[in-house]
Amino acid sequence: MSRYRSIASARDTVTITVDGSPLRVARGQSLLAALLANGTSGAAADFHCAIGQCQRCLVRVDGRVQTACLYVPRGGETVDTSPPDGRALPWERAS
Ligand code: FES
C-alpha cells in the first residue's frame with residue numbers, strides 16, 4: 001500500500017504500461033503522481049522538486065527519458081521505471 005493517495009477523478013482514465021503491468025491513470029494526472037499513488041514509482045521515487053528542476057524523477061516513456069513530474073500520460077505509453085541514468089537509488093546507496 002502506498003503512502004500517497006490520488007485526488008484526481010477516477011472516472012476519466014487512460015491506461016499505460018508500467019514495467020510490464022497495466023496501470024490506469026486519471027486523465028490529466030502527472031505520471032509521477034500516478035506512479036506514487038500506485039506504489040510503482042521505481043527510480044521516480046527519488047523525486048525532489050516535482051516542478052521539473054531537479055531531474056531526479058527520470059523514467060523512460062516509450063524509450064525516451066522524461067521527467068515523470070511533468071509528463072502527463074495520453075494513454076498507451078510504455079514506462080520503464082529503472083534509473084535511465086544508471087545512478088543508484090537512495091535505498092541502494094551504501095550508508
Ligand atoms: S521531481 Fe524534480 S524534476 Fe521531477
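Remember, it's 1-based here, ligands and their atoms both numbered in the order they're listed.
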Student: Output all residues satisfying side-chain hydrogen bond (donor to acceptor under 3.5 Å, both in side chains) with D62, sequence neighbours left out; order by chain, then residue number.
Tutor: none
Student: For Q29 and R27, indicate whether the former's side chain and the latter's backbone hold a donor-acceptor pair under 3.5 Å.
Tutor: no
Student: Quick one: list whatever passes side-chain hydrogen bond (donor to acceptor under 3.5 Å, both in side chains) with S30, sequence neighbours left out.
Tutor: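 S30: no side-chain hydrogen bond (donor to acceptor under 3.5 Å, both in side chains) contacts found.
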Student: Is the side chain of R56 donor-acceptor paired with the backbone N or O of D46 at a distance under 3.5 Å, no angle test?
Tutor: yes
Student: Please check: side-chain N/O of D80 versus main-chain N/O of S82, any donor-acceptor pairing under 3.5 Å?
Tutor: yes
Student: What's within reach of atom 4 (Fe) of ligand 1, meaning protein N/O/S atoms under 2.8 Å?
Tutor: C57 SG, C69 SG
Student: Test question: given the 4.5 Å side-chain rule for I, L, V, M, F, W and Y, name all other residues clustered with V61, or answer none.
Tutor: V14, I16, V18, L23, V25, L31, L35, V59, Y71, V79
